[in-house]
Amino acid sequence: MSDNMTRTATIAVLVENEAGILARVVGLFSGRGYNIESLTVAAVDEEKRLSRITVVTTGTDMVIEQIKAQLDRLVPVHRVSDLSQEGPHLVRELALIKVIGKGDHRVEALRLADAFRARVVDATTESFVFEMTGAGEKIDAFCTLMRPLGLAEISRTGAVAIARGTSHIAA
Amino acid sequence: MSAAITSSTATTDQRPGAEVVLRALKDQGVEVIFGYPGGAVLPIYDALFQQNAIRHILVRHEQAAVHAAEGYARSTGKVGVVLVTSGPGATNAVTGLVDALMDSIPVVCLTGQVPTHLIGNDAFQEADTTGITRPATKHNYLVKRSDDLAKTVHEAFYVARSGRPGPVVIDLPKDILIKPAPYVAAPTTEHRSYRPVTAPDPARIQEAVRLLKRSERPVIYTGGGVINAGPEASRLLAEFVHLTGMPCTNTLMGLGAFPASDPQFLGMLGMHGTYEANLAMHGCDVMLNVGARFDDRITGRLDAFSPNSKKIHADIDPSSINKNVEVQVPIIGDARQVLAALIECWKQDPTPVAKTEQLAWWKLIDEWREKKCLAYVQEGSIIKPQHAVRRLYELTRETGRDTFISTEVGQHQMWAAQYFGFEKPNRWMTSGGLGTMGYGLPAAMGVQIAHPDALCIDIAGEASILMNIQEMGTLAQYRLPVKVFILNNEYMGMVRQWQELLHGSRYSESYSEALPDFVKLADAFHAKGLRATSADQLDDVIKEMLAHPGPVIADICVAKDENCFPMIPSGAAHNEMIMGPDQEQNARSVTDEGKVLV
Ligand SMILES: Cc1cc2nc3c(=O)[nH]c(=O)nc-3n(C[C@H](O)[C@H](O)[C@H](O)COP(=O)(O)OP(=O)(O)OC[C@H]3O[C@@H](n4cnc5c(N)ncnc54)[C@H](O)[C@@H]3O)c2cc1C
Ligand SMILES: Cc1ncc(C[n+]2csc(CCOP(=O)(O)OP(=O)(O)O)c2C)c(N)n1
Ligand SMILES: [Mg+2]
């Protein structure tokens, strides 16, 4: 085990959909000084009252093992799965990106959006809102390109992730 | 209560929430609650008034209620129960909750809350109790629906006592306590999400046994987890230690899990542990940890901790494993089951034991023992605190009574751990993880409630005892014959010791100025007050204390400048231990890196 090498982990946490669960998870990270690069949460099964949290974090292997063990000991947690360790998986993020500009900048923005497969979901004569899904790096790259073209505002969901193939997480 | 609320949900088999709570407690086997009333919990107090199954002990401060419940729990293996009101009642309980969390003590704490429709309005005596206690508990609940009430109480007990035990809060809005609620029995099905693993993986057990059999310098290091696993685990521990012939050391929290008088016992390890225990940890080639958590009081400087050993760690909580120290053989399971499996496997496994090498290891250990690191000289009239504890131990043993010791926090706590021998589990209550001054008296109170005929002694410091001294009133009310044995050095001795060793003897604010007269204080609380000021009075005072049928405060005026040794200064390694006053200069070389450590 290389002690001081940090890595990024994408962890899926299946939890009871109940009041306070998000506070427990966030409190765990802040209380124990773990990083949160992104965290997303939504109900995934109304009937079984389950929500899924996807948290992207960084740390040494020992810290990431600790994070998983700490998450797993929360009473309302059903499953903790380190997708980044458990084989091929998909990570996606959705972003809404507002670009304000005129003339050539507008044309260039549209052209690039097309290349990145970003959709125009709102437009005025002076602005666009692009919707884009993809890996975080792709969104980063797109935003960098938009900056000189009038990037005004970004709203991102943070990562959601799932394993490829038949392997799956159930309560 | 308004008729509208009652009639809308009432059916024949529903009872007011408060009664449902008590019924659930009763079904969970609760006999005693430690509590303090207030507006938000009046419905529960009203229900308590009208029944006889559950006894309520009225403490004098909510923090003490939790410590009393901890003492009760630790000495019985049952869940301790606390009842406090909303707002200040709940916030006063927080220190006790964190204490129970750090030391893995099962406690269920019921807190009153403002009615559901007022939550969030800064109502009178409202506090965000679930928010405040989230990091202070193993788990907590806010009951917002009457239908969830009974189920939540049952679940809280399950969570508190199963897996790694801990404190659980149930926040109860007043309307929920008044409105009728249905009763449901404790579920027989598994919990939806919380299912701790208790049975160890046989492959790991075998790996551990083979490592241990081949080991030339083994050591068994056990902790509070063995106590948590029940007295049978302690019995199995002794069996395993005897079967293997290996040396055994206990943490502060584990004292009593292995008999102190056993020749294979090395004493406590860690910051104030024995020379032989710490050197055995440092020099071993295989370490078996059962139910201990590699706390920083044990490891000292991490990169120098037992540098040449393979480590086996058995713990019920996967998060304890590889947290501070990397181990080669992790075993997840309950200590009782792990020890039973180890014994079984040891008997079957054909791997030969490295007997000759282990004998040589014992010879080395015996040489370390020859250092007699706990020796002290009692001469002259000034009472040495070590001697006071030793005499207390010997004289209580002469009584033949079942004896339970609690402590406050400081030097006296360490001397109690070093000089009072524990032969059985559940007889030793101390605040290890949080180190809460004020723990000992209420804890002893809780123990005495559970064991009315036993001898319960709080070994205290003069500073700590003042932190929950009001509980003398509780002792008087319930005629609890707890003995408070104060090692009065007129200093916050542990603070003074660090200041002497690490801060150039600048005794900043550590003198216990303006102390009360403890004999008169005892008198004011309807207890007996005794004092020993010279060595020749010590035995008589102890005997009189032990013979007295009621509560006693014994003010033992001891040497003011005694330090607690051995000591591994913060940031040092196990083999850099300070053995006594003549090596104190070693501490002066502690670097700032060491000083930042607590
Ligand atoms: C002033 C002061 C000085 C101190 N000096 C020392 C010292 O010199 N030496 C010392 O030892 N301590 C000392 N302590 C105490 C120290 O801070 C820790 O509280 C203590 O060392 C922890 O003990 P433990 O490792 O046995 O763990 P505990 O806190 O008792 O934890 C128990 C472990 O066992 C596990 N467990 C629980 N239930 C089970 C089960 N059923 N089966 C298996 N595993 C289970 C838990 O998950 C946990 O990992 C001191 C404290 C104070 C206040
Ligand atoms: C609530 C709390 N506050 C502060 C401390 C820090 N502290 C640890 S030991 C100690 C001194 C205890 O003095 P005393 O009770 O007289 O015991 P002694 O060390 O003299 O035996 C203090 C202040 C603590 N452990 N708990
Ligand atoms: Mg003192």
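Lettering of chains follows the sequences in order, A, B, ..., and the numbering in each one begins at 1. On a predicted model such as this, the values are computed, not experimentally measured, just so you know.
- With salt bridges taken as basic N to acidic carboxylate O contacts below 4.0 Å, none links B/Asp296 and B/Arg301.
- Most heavy-atom pairs under 4.5 Å with chain A: of the set B/Val159, B/Asp317, B/Ile321, B/Thr130, this distinction falls to B/Asp317.
- For the set A/Arg79, A/Gln70, A/Arg73, the entry with the most heavy-atom pairs within less than 4.5 Å of chain B is A/Arg73.
- A cation-pi arrangement is present between A/Arg106 and A/Phe128, with the terminal nitrogen or guanidinium carbon under 6.0 Å from the aromatic centre and inside a 45° cone about the axis.
- Two residues are said to be in side-chain contact when any heavy atoms from C-beta on lie closer than 4.5 Å; B/Pro173 and B/His117 fail this criterion.
- Proximity to chain B (any heavy atom under 4.5 Å) is shown, for A/Val75, by both the backbone and the side chain.
- Neither the backbone nor the side chain of B/Arg195 has a heavy atom closer than 4.5 Å to any heavy atom of chain A.
- Residue A/Glu65: no heavy atom, backbone or side chain, is found under 4.5 Å from chain B.
- The aromatic ring centroids of A/Phe130 and A/Phe142 lie less than 6.0 Å from each other.
- Ring centroid separation for the pair B/His139 and B/Tyr194 does not come in under the 6.0 Å cut-off.
- Within the 4.5 angstrom heavy-atom criterion, atoms from both the backbone and the side chain of B/Asn140 approach chain A.
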